[in-house]
Structure formats: C-alpha cells, structure tokens
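What follows is a single structure, written as structure tokens, with notes after it.
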Amino acid sequence: MRKKIVAGNWKMNTLPKEGVELAKGVAAGRGEVCDSVEIIVCPPFTHIAQVVEAVEGKNVAVGAQDCATEVKGAYTGEISAEMIAALGCKYVILGHSERRQYYGETSESLNKKMARAYENNLMPIYCVGENLEEREAGRHFEVCKQQIEEVVFNLTAEQFAKLVIAYEPVWAIGTGKTATAEQAEEIHAYIREVLRSKFGAAAEQCPILYGGSCKPSNAGEIFSKENVDGGLIGGAALKAEDFLAIGKAF
Ligand code: PEP
C-alpha cells in the first residue's frame, strides 16, 4: 500500500501569527482525517519554527518550500537544508513550477538541492509538470519524463525510497482550472511507468501527488484514481477547513 499524502504549500502567504493560527486549525481537525493519510504543511521559512511548535504531537508534518543548493557559507539570503532540518522539517518541496519559472530553477540546481535534502534526512517532494503550450502541443508526457530523468534518475535506490513526486500541470496551478481525474490518472500512470523503467518494483511505492486547483469539491474524484496518491494543495491549503476536507476526500 502506497502512502497517501495531502500537503499544503502556503507559498508566500501568512504572517507568523496567521500561519500559527492556520497550523493550529489543521492540528485541531487532524483527527477527522484518516491517521494513515500523511498531512503536511509547508509554511514560509520565517515561521517554520513556530508552526513546528504549534503542531507538535498532533501527527502533522512540516515541510519547507525550497532549500539552498549549497551546504553553508557566503550565500546571502539563502536557507540551507541543514537549517530547515534543524527546525524540525521532515519534507522539502523542490522544483515547484513557480521556482522554475520565476527563479530560474534548472535540473542542475535541483540535483544539488536534492543532494542537500537527502544529506539532512529531508524527504523531497519533487514537482514536475507541463505548461499550457506544452499540453496543447501534446508534449506533456515528454516534459514530465525529462524532468524526472534529469533529476530523479540520479538518485540511489535508497534515496528514491524516500521520494515523493507531485505532478502539477502549470496551467492548473492557481487558475481554477483542474485536470480531469482521467487526465491526472493518465499522466500519473505514465510517470510511474517512467519510474519503473529505472527503479523497478520500487516505483509502486512512490507516492505521486496531484497539484493544481485541487479543492474539497474535486479532490474525491481525483484521489479515487489508482495512481493518484494525494495532493499538493496551494490556495485551498490556506483555510484549515478546506485543507482538512481535502484530507477527508480519501
Ligand atoms: C501549488 O502551487 O502547488 C498548487 C497546487 O496551487 P493551487 O492549489 O492554488 O493551484
């Protein structure tokens, strides 16, 4: 049985006080979601420590939204994987399309970030997905394959066993447009096939999350698909009630 996961990517939203309130709301309702579903919140760096404290002992994991390529030193403004891990994070989102698009994230930088994450026992949530133009040109399979081959294929079997993948079609992120459950299943199954070609049977254990305007009203249908193991949630993760309702969709 693959792990089921619902992860909230708060992006650059919430001030510390609001973030703590949101985290407390998630922790308070966590019991309504099946224990076997991993619930993760990913706040901005500035209040990770307070959020970790707010959810302590409540079966809610905390993740960061990114980490530095380098270990430590003269990299002004950067936050290392070691710092994140020291605050109590278990996960780190890497390769989110907003970072690829606005901050020039490449497979080269992502290979370094993945290495830093594993060195610090952080589980990466590695994001892949095509933009609208690529989808319309029917190139979504090849785009996802390339993003996986250039980064995930460099992992050892031991590292791969700790990886979570998020398929996030860029055209569905924050747009209100959602991939249909069939579109999600089609590409999730394809991603698993690509993973199987490199890692064999271990691919069956890798959680593949869907992300892109996932909300309480559509999560149930999307999560019912065989190769969809949960969601990476943006907008709807900013309200504890909606986020938990998505968790309950399993
Ligand atoms: C995301 O950014 O990871 C995301 C899925 O955002 P939204 O749910 O708002 O589309």
Side-chain angles (χ1 to χ4, degrees), residues 4-15 18-19 21-23 25-26 29 32-33 37-44 63-66 91 93-103 105 125-144 147 164-191 207-250:
K4 306 285 184 205
I5 297 173
V6 175
N9 173 15
W10 296 1
K11 311 192 187 192
M12 198 171 70
N13 294 299
T14 71
L15 293 174
E18 296 160 343
E21 280 312 301
L22 177 54
V26 171
E32 296 159 27
V33 180
V37 177
E38 175 93 319
I39 295 289
I40 307 168
V41 292
C42 302
Q65 299 172 21
D66 187 30
Y91 293 91
I93 298 172
L94 292 178
H96 192 280
S97 63
E98 286 154 14
R99 296 218 57 89
R100 291 181 192 261
Q101 188 179 346
Y102 305 136
Y103 302 99
E105 194 85 272
I125 301 175
Y126 178 68
C127 304
V128 300
E130 79 286 355
N131 63 30
L132 185 61
E133 202 185 324
E134 290 160 341
R135 164 68 65 163
E136 285 176 347
R139 294 187 53 232
H140 42 298
F141 294 111
E142 86 185 71
V143 169
C144 292
Q147 289 170 341
V164 177
I165 289 192
Y167 166 67
E168 300 205 302
V170 180
W171 48 272
I173 296 178
T175 58
K177 279 190 204 161
T178 319
T180 63
E182 289 67 32
Q183 282 174 322
E185 173 59 17
E186 180 186 40
I187 194 135
H188 280 229
Y190 173 75
I191 289 170
I208 306 177
L209 315 183
Y210 169 78
S213 299
C214 193
K215 42 189 182 275
S217 58
N218 59 26
E221 199 190 343
I222 298 172
F223 294 177
S224 71
K225 296 294 178 187
E226 192 186 330
N227 285 288
V228 180
D229 305 306
L232 179 55
I233 318 297
L238 295 172
K239 269 197 189 155
E241 199 186 323
D242 289 352
F243 183 59
L244 291 166
I246 293 172
K248 284 188 259 183
F250 278 113

Next on the checklist: Can you give me the closest heavy-atom contact between Lys11 and Ile173, atom names plus distance?
Outcome noted: NZ-CG2, 3.6 Å

Checklist entry - Distance from Glu182 atom CD to Ile187 atom CD1, nearest 0.5 Å? => result 14.5 Å

Checklist entry - Between Asp66 and Ile93, is any pair of side-chain heavy atoms under 4.5 Å apart? => result no

Checklist entry - Can you tell me how far CZ of Arg99 sits from CD of Gln101, rounded to the nearest 0.5 angstrom? => result 12.0 Å

Checklist entry - Out of Val164, Asn227, Ile191, which one pairs with Ile208 under the side-chain contact (heavy atoms from CB on, under 4.5 Å) rule? => result Ile191

Checklist entry - So does Gln183 have more than 12 non-hydrogen atoms from other groups sitting under 6.0 Å from CD? => result yes

Checklist entry - Quick one: CD1 on Ile125 to CD1 on Ile165, what's the gap to the nearest 0.5 Å? => result 11.5 Å

Next on the checklist: So, taking the atom named CZ in Arg135 and the one named CZ in Phe141, what distance separates them when rounded to the nearest 0.5 Å?
Outcome noted: 7.0 Å

Next on the checklist: So which atom in Val33 and which in Gly247 form the shortest heavy-atom distance, rounded to 0.1 Å?
Outcome noted: CG1-O, 3.5 Å

Checklist entry - Taking atom OG of Ser97 and atom CG of Asn131, what is their separation to the nearest 0.5 Å? => result 9.5 Å

Checklist outcome for this item: For Cys214 and Ile246, the nearest pair of non-hydrogen atoms, with its separation, is O-CD1, 3.7 Å

Checklist outcome for this item: Here the pair of heavy atoms bringing Ser213 nearest to Thr178 is O-OG1, 3.3 Å

Next on the checklist: Are the side chains of His140 and Trp171 in contact, using a 4.5 Å heavy-atom criterion?
Outcome noted: no

Next on the checklist: Is it the case that atom CD in Glu241 sees more than 12 heavy atoms from other parts of the structure closer than 6.0 Å?
Outcome noted: no

Item to check | Over 12 non-hydrogen atoms of neighbours within 6.0 angstrom of NZ in Lys215 | outcome: yes

Next on the checklist: Can you confirm whether Ile5 sits close enough to Asp229 that some side-chain heavy atom of one is under 4.5 Å from a side-chain heavy atom of the other?
Outcome noted: no

Item to check | Closest approach of Gly220 to Ala249 (non-hydrogen atoms, all atoms of both residues) | outcome: N-CB, 3.6 Å

Next on the checklist: Parallel, tilted or perpendicular, judged at 30° and 60°: which one describes the rings of Tyr167 and Tyr210?
Outcome noted: tilted

Next on the checklist: Looking at Glu130 and Arg139, is any side-chain nitrogen of the basic one under 4.0 Å from a carboxylate oxygen of the acidic one?
Outcome noted: no

Next on the checklist: Is it true that Glu168 and His96 share a donor-acceptor pair across their side chains at a distance under 3.5 Å?
Outcome noted: yes

Next on the checklist: Quick one, Leu22 and Trp10 - any side-chain contact, counting heavy atoms below 4.5 Å?
Outcome noted: yes

Checklist entry - Any donor-acceptor pair under 3.5 Å linking the side chain of Glu221 with the backbone of Asn218? => result no

Item to check | Smallest separation among heavy atoms of Glu105 and Arg100, with atom names | outcome: CB-CA, 3.5 Å

Item to check | Nearest-0.5 Å distance, NZ of residue Lys225 to OG1 of residue Thr180 | outcome: 8.5 Å

Item to check | Side chains of Ile233 and Val6 in contact at under 4.5 Å (non-hydrogen atoms) | outcome: yes

